[in-house]
Amino acid sequence: MNDTVETKAYPALPSTPEHVGIIMDGNGRWAKQRGLPRLAGHRAGVENLRRILRAAVELDVPILTLFAFSTENWKRPSREVQGLLRLLAESLNKEVDELHENGVQLRHIGKLDPLSDTLKKNIREAVELTRHNDRLIANIAFNYGGRREIVECIRTLIQQGIPAEEVTEEVISEHLYTAGLPDPDLIIRTSGEMRVSNFLIWQGAYAEYYVSSVYWPDFDKDEFYKALEAFNGRQRRFGGLPAQSATEA
Ligand code: IPE
Ligand code: IPE
Ligand code: MG
């Protein structure tokens, strides 16, 4: 994470989101544009993830949740799915020590069940190794689906015998994969698609959305900063009224 020299200034913004979610989309189109196989796009996407983790630290974003593989992505051709699993295994082996040295706390959200025993073990070890780091929380959503997450939460509540009247929004939040983390303030989607594709559907209820037309492998620190600037221009109301109008009534 320390391998580039900072050249450009990024003035501090009045407010920085505490938690940013990113739907890292567009790897396939990035590759197609270059006449490359889709997997080359995914490889470039992983490279970019390293850059964005570094940029998050530099731009003072403390929590990132990164959508890497959805519960629906198993529908893709097995070659691509296998390639993505291989890339995950490879990057864990290659990057974990450096991420640890740089104070990154790695977490995983989603279901590990269908992954191989080795991959599951490597993910658990990476999470365990980095659990006390506090420079950046990087939450990797792999085999993640928002609906699946809610179904699991409901099952857990029923199994625990929680009475219906005790089921509140707080109780649900505490039983999601993101328990203990604040809801995302900002959700970025790259590659121009205007949909959530099952990402943080509960937690994102009041997130600000930002869509960049840039494909994920090209989404660099400049683009990230633009998203943070746009976030600063938003007026968050959470269903209420802006401070001034509230007093006018
Ligand atoms: C995002 O890129 C990565 C995953 C969903 C695994 P895509 O693979 O969806 O790229 P496009 O949308 O086809 O360009
Ligand atoms: C969402 O992208 C999932 C990830 C980025 C991991 P997709 O490419 O799978 O979403 P759709 O199919 O365009 O909605
Ligand atoms: Mg896509």
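These figures come from a predicted structure and were not determined experimentally. Numbering starts at 1 and runs along the sequence shown. Counting starts at 1 for both ligands and their atoms, following the listed order. When reading the values below, keep in mind they use all heavy atoms of this one structure, side chains included, and skip hydrogens, waters and symmetry mates.
- Judged purely by atom type and a 3.5 angstrom limit, Gln105 has no side-chain atom pairing as donor or acceptor with the backbone of Ile137.
- Note on ligand 1: Gly26 sits in its first shell, one or more heavy atoms being nearer than 4.0 Å.
- For Arg34 and Trp30, the positive end sits near the middle of the six-membered ring, less than 6.0 Å away and at most 45° from its axis.
- When only non-hydrogen protein atoms are considered, atom 14 (O) of ligand 2 lies nearest to Ser197 OG, 2.6 Å.
- Polar contact check, Asn73 against ligand 1: no nitrogen or oxygen pair lies under 3.5 Å apart.
- Thr168 contributes atom OG1, which lies 4.5 Å from atom CD of Glu170 (distance to the nearest 0.5 angstrom).
- Side-chain contact check for Asn27 and His42: at least one donor-acceptor pair (N or O, by modelled atom type) lies under 3.5 Å.
- For atom 13 (O) of ligand 2, the nearest non-hydrogen atom of the protein is Arg195 NH2, 2.8 Å.
- Less than 4.0 angstrom separates some heavy atom of Arg76 from each of these atoms of ligand 1: 4 (C), 5 (C), 7 (P), 8 (O), 9 (O).
- Of the charged side-chain nitrogens involved, at least one lies within less than 4.0 Å of a carboxylate oxygen, so that Glu128 and Arg131 count as a salt-bridged pair.
- Between Tyr144 and Phe67, the distance separating the two ring centers is shorter than 6.0 angstrom.
- Any protein N/O/S atom under 2.8 Å from the Mg ion (ligand 3) was counted, giving 1 altogether.
- Regarding atom 10 (O) of ligand 1, its nearest protein heavy-atom neighbour is Gly28 N, 2.9 Å.
- Counting only N and O atoms by type, the side chains of Ser212 and Arg189 include no donor and acceptor under 3.5 Å apart.
- Residue contacts with ligand 1 for Ser70 are absent, since no atom lies close enough (heavy atoms, distance under 4.0 Å).
- Glu149 is listed as a side-chain neighbour of Thr178, based on a closest heavy-atom distance under 4.5 Å.
- Under the 30°/60° scheme for interplanar angles, the aromatic rings of Phe69 and Phe142 are found to lie parallel.
- Side chain to side chain, Asn133 and His100 meet the donor-acceptor criterion of an N or O pair below 3.5 Å.
- Between Ala68 and ligand 1, a contact under 3.5 Å exists for no N or O pair.
- Interatomic distance, Leu99 CG to Thr130 OG1, rounded to the nearest 0.5 Å: 8.0 Å.
- Looking at Arg29, Lys32, Glu72, Glu80, it is Arg29 that brings a heavy atom closest to atom 12 (O) of ligand 1.
- For the atom pair Leu66 CG and Ile52 CD1, the distance stands at 9.0 Å (nearest 0.5 Å).
- Of all the heavy atoms of Arg38, the ones lying under 4.0 Å from any atom of ligand 1 belong exclusively to the side chain.
- Near Phe69, the atoms of ligand 2 lying under 4.0 angstrom from a non-hydrogen atom of the residue are 6 (C).
- Residue contacts with ligand 1 do not include Glu193, since none of its heavy atoms lies under 4.0 Å from the ligand.
- A salt bridge does not link Asp113 with Lys120: every distance from a Lys NZ or Arg NE/NH1/NH2 to an Asp or Glu carboxylate oxygen is 4.0 Å or more.
- For the residue pair Tyr10 / Asp222, a side-chain donor-acceptor distance below 3.5 Å is found, with atom types taken as modelled.
- Under 4.0 Å from ligand 2, not a single heavy atom of Phe199 appears.
- On a distance-only criterion, Trp30 and ligand 1 share no N/O pair closer than 3.5 Å.
- At a heavy-atom distance under 4.0 Å, only backbone atoms of Met24 (N, CA, C or O) approach ligand 1.
- Under a 4.0 Å heavy-atom criterion, Arg189 is in contact with ligand 2.
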